[in-house]
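First comes the structure, then the notes that go with it.
Bear in mind the structure is a predicted one, so any value in this text is a computation, not a measurement.
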Amino acid sequence: MQISVEAEEVPSTKPNGTLLRETQDTKKINLSSRQRCPQAKGLESVAPLVNSVEEIPDPIPTTIKGTVPTWINGSFLRNGPGKFEFGQDRYTHWFDGMAMMHRFHISEGNVTYSSRFLRSDSYTRNSEMNRIVVSEFGTLAMPDPCKNIFARFFSRFQIPKATDNANVHFVKYKGDYFVSTETNYMRRIDPQTLETKEKVDWSQYVAINAATAHPHYDRQGATYNMGNSYGKGGFFYNIIRVPPPEETGVSEDCADLYGAKVLCSIRASEPRKPSYYHSFVMSENYIVFVEQPIKLDLLKFMLYRIQGKSFHKVMSWEPRYDTIFHLVDRHTGKESEVKYRAAAMFTLHQINAFEDNGLLVMDMCCGDDGEVIGDFTLENLRRGPGEEMDKFYNSLCRNLPRRYVLPLHVDKSTPLDQNLVTSQNYKATAKMTKPGEVYLTHEELHDDELLKYGGLEFPQINYERCNGRPYRYFYSCGFGHVFSDSLLKMDVHTKELKVSTDHALKNVSTISIIMNTFLLVLDAKTFNELGRAEVPVNIPYGTHGVFNLMG
């Protein structure tokens, strides 16, 4: 499907009914990101990717087709759900599956594969009882049937402890690897053996109740993350800094988050309905927290266990709220008094951000429908091929790359209703609508060709070289299916797209896992296949991964 619309000034309406005049770069249409992408027909089932598998703790060889470059030496570490039942109990949501870690060890052109389940408290307790006894995102653990009726009744009034089923990402703090989810718990991991080490509770180091699985790293070795806190004073989004290892000098073999501190606490705009967030934006001098209209209803949160509902039921997409960008100086922790607003949008992953002559340029994957998170139930993902799978996929949001530009120097003398993005390099706009408030419109960071690949997600850049700095290329997954079915390389200067397609591609990077059969190596410049390592076991669909140069 091709959509061609001349760039022009067109009216649009804010959620509060105010008529605005907005200018876009190549297209401005009143269609959602999902509506702009073609409808699928005849999709295959992805059920094999969301079934339980057995762990492979001892490395096994793979079959190499083509060539894996000999200069690649290290381990590609992956994380994601890998077990979806205990005894007669079944999880209902894909996010609930027990964390399974995967390791592709690459050395001198050869590849071995191994995997292990994370020995979290959740996994251990469920295994011992042979049933689900720890609640997860989409599955509420039922009371022990051996308890009497009064004990089972009153157990519903107890706030469940957060899970340590860290099935989202591999992250690094002070040189150590951890697996993480979106609670206050992480687990330290041996990256060579995938052995589970100690559990780490963020709240023992800083006053937060949960943290994201997507930290950022600066060039001095410090790590930045964000976490929630709530109490009588309200609900806050907190920016956290964990110092480099040499700043604390802890040398023993243990988890080391000593020296972590909260740089800034941002008060929620809606104290009873704070926003869900998966990641945040960081440039060389700033951090931006994106407060989006995916809301957590705190009253429902207090009541959902009594009502027998899982946690994801407390989340709702409420597009009547604007998206708010909170700008914070990364060095001082001071939050800007200026509030940057934009129309409602949904984002999980940011691509990159950089500063350019008084402007902060932020690129991210965005959609127009935040209902998507709750849709990934196992019932939906295990639909049969054809009409039923088509119906599910066609209902999902499509994320597209967008660029927002924040003017950094806004004060009382800044004129109203004038575009403050004066650089000819950017088509995004920013206008001060009233003192202390700037309204943003985005630039589409793609052309129409991307639409036929279903949009994109899971962006990657050359992080070590380009994070927080001007850049030109990023890599991502194309989503012509529920799970990605292509790899994409985007030139943000020309919006030119390079595409590698194969049957149900599985993640992003120049090294990627394909479906449940092999690891793929592409030439990052040409995007041509160099080689693949075929694995003789099924690999369930995962979420995120990292490359460990130490191997």
Side-chain angles (χ1 to χ4, degrees), residues 7-33 237 264 266-271 273-275 277 280-281 283 286-295 317-329 334-347 350 353 355-364 366-368 370 400 402-445:
E8 59 180 347
E9 190 179 69
V10 297
S12 90
T13 304
K14 283 185 63 178
N16 62 10
T18 304
L19 190 67
L20 298 176
R21 307 293 292 186
E22 300 177 350
T23 303
Q24 295 297 351
D25 60 328
T26 59
K27 56 179 78 72
K28 177 66 181 178
I29 53 180
N30 296 319
L31 294 175
S32 70
S33 53
Y237 316 106
C264 179
I266 301 166
R267 185 179 293 274
S269 300
E270 299 289 334
K273 285 191 174 183
S275 293
Y277 56 97
F280 61 100
V281 178
S283 68
Y286 296 93
I287 286 175
V288 179
F289 168 64
V290 183
E291 191 175 17
Q292 60 186 349
I294 300 180
K295 296 297 184 178
W317 169 242
E318 302 192 24
R320 68 180 181 275
Y321 294 107
D322 280 350
T323 301
I324 304 175
F325 300 89
H326 298 270
L327 178 69
V328 177
D329 187 301
K334 183 179 179 181
E335 181 182 2
S336 171
E337 295 181 358
V338 178
K339 287 294 179 288
Y340 301 86
R341 295 180 177 270
M345 64 85 169
F346 158 70
T347 183
Q350 283 72 56
E355 297 149 42
D356 181 12
N357 293 317
L359 301 172
L360 177 60
V361 181
M362 305 184 304
D363 299 342
M364 57 188 72
C366 304
D368 301 307
L400 300 168
R402 293 178 180 174
R403 171 167 285 174
Y404 292 88
V405 180
L406 276 64
L408 295 171
H409 307 301
V410 177
D411 54 31
K412 295 179 180 179
S413 63
T414 301
L416 294 176
D417 298 321
Q418 292 185 21
N419 185 12
L420 305 178
V421 183
T422 55
S423 171
Q424 297 300 310
N425 295 326
Y426 312 115
K427 301 298 190 295
T429 69
K431 297 181 180 181
M432 192 162 76
T433 55
K434 62 182 180 181
E437 189 166 298
V438 174
Y439 195 81
L440 310 175
T441 65
H442 64 269
E443 173 185 352
E444 299 282 8
L445 207 60

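Relative orientation of the F289 and Y277 rings is perpendicular, given thresholds of 30° and 60° on the angle between their planes. Classified by interplanar angle (parallel below 30°, tilted 30° to 60°, perpendicular above 60°), the ring pair Y404/F325 is tilted.
Nearest approach of I266 to V328, heavy atoms of both residues: CD1-CG2, 4.0 Å. Residue P293 comes nearest to A344 through the heavy atom pair CG-CB, 3.7 Å, listed as atom of the first residue, atom of the second, then distance. What you find for T414 and M432 is that their closest heavy atoms are O-CE, 2.8 Å. Considering every non-hydrogen atom in both Y340 and L408, the closest pair reads OH-CA, 4.2 Å. For the pair N419 and T422, the tightest heavy-atom approach, listed with the atom from each and the gap, is O-CG2, 4.0 Å. When every heavy atom of P415 is checked against every heavy atom of L420, the shortest pair comes out as O-CD2, 4.5 Å.
Rounded to the nearest 0.5 Å, atoms OG (S269) and CG (D322) are 10.0 Å apart. Note that NE2 of H442 is 7.5 Å distant from SG of C366, once rounded to the nearest 0.5 Å. In this structure, CG in D368 is found 8.0 Å from CG in L400, a value given to the nearest 0.5 Å. Residue W317 holds its CH2 atom at 7.0 Å from CD of Q292, rounded to the nearest 0.5 Å. Interatomic distance, CD1 of I294 versus OG1 of T347, reported as 9.0 Å (0.5 Å rounding). To the nearest 0.5 angstrom, Y286 atom OH is 6.0 Å from E355 atom CD.
A heavy-atom distance below 4.5 Å is not found between the side chains of E444 and R403. Counting heavy atoms from C-beta on, the side chains of V281 and V290 come closer than 4.5 Å. A heavy-atom distance below 4.5 Å is not found between the side chains of Q350 and M362. L327 has its side chain out of reach of V338: every pair of non-hydrogen atoms, C-beta onward, lies at least 4.5 Å apart.
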Practice task
Starting from the C-alpha separation in whole Å, work towards a yes-or-no answer on side-chain contact (heavy atoms from CB on, under 4.5 Å) for M345 and M364.
Solution key: CA-CA 11 Å; M345 64 85 169; M364 57 188 72; 3.6 Å; yes
Practice task
Evaluate the side-chain contact (heavy atoms from CB on, under 4.5 Å) criterion for residues L406 and V438: first the C-alpha distance (whole Å), next the side-chain angles of each, then the deciding distance (0.1 Å), finally the verdict.
Solution key: CA-CA 9 Å; L406 276 64; V438 174; over 6 Å; no
Exercise for the section: Starting from the C-alpha separation in whole Å, work towards a yes-or-no answer on side-chain contact (heavy atoms from CB on, under 4.5 Å) for L445 and R402. Expected result: CA-CA 5 Å; L445 207 60; R402 293 178 180 174; 5.8 Å; no
Practice task
Begin from the C-alpha positions of E270 and K295 and carry the test salt bridge (Lys or Arg N to Asp or Glu O under 4.0 Å) through to its verdict.
Solution key: CA-CA 9 Å; E270 299 289 334; K295 296 297 184 178; over 6 Å; no
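We find that D417 and K431 are not joined by a salt bridge, their nearest charged nitrogen and carboxylate oxygen being 4.0 Å or further apart.
Residue N357 qualifies as open at atom CG: its count of foreign heavy atoms under 6.0 Å is 12 or below.
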